[in-house]
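Step one of this worksheet: look at the structure below.
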Amino acid sequence: MRAPVALFAFNRPATTARVFDAIRAARPSRLFLVCDGPRADRPDEAARCESVRELLARVDWPCEVTREYSSANLGCRRRVSSGIDWVFSQVEEAIFLEDDTLPDASFFPYCDELLSRYRDDERVLAVGGNNMLGEGAPDGSSYWFSAHARIWGWASWRRAWRGYDVSLASWPALKATPAWQQRSWTERQGWEGFLNDVKAGAVDTWDAQLLVHGWQRQALCAIPATNLVSNLGFGAGATNTHVANFPVPPVVALAFPLQHPARVAPNAALDRRWVRRELDPEPRTPRLLLRRAWRWLLTRLSSHA
């Protein structure tokens, strides 16, 4: 494979080993390894972090390996964002995996091909590896385009990362624009509070900032027609995804040669379905609809008070 791979890890040897084995099978010629350090208030964490680093020392194929390991804990927001900065200071494009995003073998050639195809296309922000719908567009193409960046296994370019702001300084201005106000009720209710918390530092993450970065650029993320990445990180040990039974479609290999979509444009219908599944997982029962109507009425009344 041509594209460099970057793996981000922390304190989970078991999941890291599975992701590392998938990378070993792909045999990239360049590998970036980024690790966060242990938290001072977790006495057992230093040993687990060290176990992860020992595992990542076992690169047994011809490969240029570069490491960026933190001695202190930076947290998800700072470690991942600074690690991506570091990767893009050295290469123009890369494939990114975290220690809980387990890719199918077809994920790597899919990313390789799309990194090359859209390298100079400013309309495309990233190549995503997961598909929460588990299906593609009706035209039978191998991938479709979303207006939202997806990062459970992804790839991108230095030119697309440029301008990313981990502090989310632009979010207050963005949510005041007509473009934001015209989004669906589900999107605004599902994302606005969360993004406010990210901006305030109450949520330790880096990916919400990429979502906003893509919205500002009106750039797209390629989504494979099948789900190519499973997430091993749900549950008590996760940073943000604590729900153990989150519904993720099974991984299904993508067929080659790839069938490219006719247009580089968002698939609004698939985006709406994904957003509903992601932000609105409750079944649409009469009681739920009545509760929503009541919340909407209260919102309208408070806005006119």
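When a residue number appears, it is its place in the shown sequence, counting from 1. What you see below is based on every heavy atom in this structure, not just the backbone, and it leaves out hydrogens, waters and symmetry mates.
Each of N131, N267, D271 was compared with S146 under the side chain to side chain donor-acceptor pair (under 3.5 Å) criterion, and only D271 meets it.
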Give the intermediate values and the outcome of side chain to side chain contact (heavy atoms under 4.5 Å, CB included) for residues R2 and S116.
CA-CA 10 Å; R2 300 182 300 270; S116 176; 4.1 Å; yes
Working note: F145 + Y143, criterion ring pair (Phe, Tyr, Trp, His ring centres under 6.0 Å); need CA distance, chi angles, decisive distance, verdict.
CA-CA 7 Å; F145 288 101; Y143 58 95; 5.7 Å; yes
Please determine whether side-chain hydrogen bond (donor to acceptor under 3.5 Å, both in side chains) holds for the pair Q209 and S81, giving the CA-CA distance in whole Å, both sets of side-chain angles, and the decisive distance to 0.1 Å.
CA-CA 10 Å; Q209 295 91 319; S81 62; over 6 Å; no
Test V5 against F108 for side chain to side chain contact (heavy atoms under 4.5 Å, CB included), laying out the working first.
CA-CA 9 Å; V5 173; F108 295 100; 4.2 Å; yes
Does the side chain to side chain contact (heavy atoms under 4.5 Å, CB included) test come out yes or no for H213 and L125, once each step is laid out?
CA-CA 9 Å; H213 178 56; L125 180 82; 3.8 Å; yes
Check step by step if side chain to side chain contact (heavy atoms under 4.5 Å, CB included) holds for Y118 and V127.
CA-CA 9 Å; Y118 297 107; V127 179; 5.7 Å; no
Go through the steps to decide whether T15 and D99 satisfy the test side-chain hydrogen bond (donor to acceptor under 3.5 Å, both in side chains), and finish with yes or no.
CA-CA 6 Å; T15 63; D99 60 5; 4.6 Å; no
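A 4.5 Å side-chain heavy-atom check between Q259 and D139 finds every atom pair outside the cut-off. Looking only at side-chain heavy atoms (C-beta outward), F32 and E68 stay at 4.5 Å or farther from each other. Proximity of V80 to D207: side-chain heavy atoms (C-beta onward) are nowhere separated by under 4.5 Å. Using a 4.5 Å heavy-atom cutoff, the side chains of H148 and W274 are not in contact. Counting heavy atoms from C-beta outward, N11 and C49 have side chains that approach closer than 4.5 Å. Contact annotation: the side chain of F10 never approaches that of T16 to less than 4.5 Å [non-hydrogen atoms, C-beta and beyond]. Here the side chains of S106 and L228 are in contact, with some heavy-atom distance below 4.5 Å. R30 is listed as a side-chain neighbour of T66, based on a closest heavy-atom distance under 4.5 Å.
Hydrophobic clustering (side-chain heavy atoms under 4.5 Å, transitive across Ile, Leu, Val, Met, Phe, Trp, Tyr) groups L55 together with I23. A single hydrophobic cluster is not seen to contain both L258 and V251; linkage of ILVMFWY side chains at heavy-atom distances under 4.5 Å, directly or through other members, places them apart. If you chain together hydrophobic residues whose side chains sit under 4.5 Å apart, L74 and L56 never meet in one group. Residues V91 and I151 are members of one and the same hydrophobic cluster, defined by side-chain heavy-atom contacts under 4.5 angstrom among Ile, Leu, Val, Met, Phe, Trp and Tyr. Both F20 and F107 belong to a common hydrophobic cluster when Ile, Leu, Val, Met, Phe, Trp and Tyr are linked at side-chain heavy-atom distances under 4.5 angstrom.
One distance of note links CD of E187 with CZ of R276; it measures 10.5 Å at 0.5 Å rounding. Once rounded to the nearest 0.5 Å, the distance linking CD1 of I95 with CH2 of W154 reads 11.5 Å. Interatomic distance, R24 CZ to L31 CG, rounded to the nearest 0.5 Å: 10.5 Å. Note: W180 CH2 to L195 CG = 6.0 Å, rounded to the nearest 0.5 Å. Interatomic distance, T226 OG1 to D104 CG, rounded to the nearest 0.5 Å: 7.5 Å. Atom OG of S184 and atom CD of Q182 lie 12.0 Å apart (nearest 0.5 Å).
Under a 4.0 Å N-O distance rule, the pair R18/D21 does not qualify as a salt bridge. Between D41 and R39 there is no salt bridge, since no side-chain nitrogen of the basic residue lies less than 4.0 Å from a carboxylate oxygen of the acidic one. With respect to the salt-bridge test (charged N to carboxylate O, under 4.0 angstrom), the residues E92 and R119 do not qualify.
For the pair D204 and C76, the tightest heavy-atom approach, listed with the atom from each and the gap, is OD2-N, 2.9 Å. Taking each heavy atom of R79 and F8 in turn, the nearest pair found is O-CE2, 4.2 Å. Taking both residues in full, the closest heavy atoms of S51 and P13 are given as CB-CG, 3.9 Å, listed atom of the first, atom of the second, then distance. Between S167 and K199, the shortest heavy-atom distance links the atoms O-CD, 3.4 Å. Across all non-hydrogen atoms, the minimal contact from W215 to L174 is CE3-CD2, 4.1 Å. For the residue pair A208 and F194, the shortest heavy atom distance occurs at CB-CE2, 3.7 Å.
A donor-acceptor contact shorter than 3.5 Å is absent between the side chain of W144 and the backbone of P261. Between the R77 side chain and the V198 main chain, a donor and an acceptor come within less than 3.5 Å of each other. Between the side chain of R159 and the backbone N or O of D121, at least one donor-acceptor pair lies under 3.5 Å. A donor-acceptor pair is defined here as one N or O able to donate and one able to accept, closer than 3.5 Å; no such pair exists between the side chain of H260 and the backbone of L114. Proximity of a side-chain donor or acceptor of T101 to a complementary backbone N or O of L97 within less than 3.5 Å is not detected. Judged by distance alone, the side chain of N130 and the main-chain N or O of V229 form no donor-acceptor pair under 3.5 Å. Side-chain atoms of Q181 come within 3.5 Å of backbone N or O of K175 as a donor-acceptor pair. Remark: side-chain polar atoms of Y110 are paired, donor with acceptor, to backbone N or O of G128 under 3.5 angstrom.
Between Y164 and F88, a ring centre-to-centre spacing not shorter than 6.0 Å is recorded.
Other residues, nucleotides and ligands contribute only 12 or fewer heavy atoms inside 6.0 Å of the CD atom of Q218.
S170 and Q216 share a side-chain donor-acceptor pair at under 3.5 Å. Between N73 and D36, the side chains place a donor N or O and an acceptor N or O closer than 3.5 Å (distance only, hydrogens not considered). Counted by atom type alone, W152 and D100 present zero donor-acceptor pairs between their side chains at under 3.5 Å. In summary, the side chains of D85 and W161 do present a donor paired with an acceptor at a separation below 3.5 Å, with no hydrogens or angles considered.
Under the 6.0 Å distance and 45° angle rule, R183 does not count as a cation-pi partner of W191.
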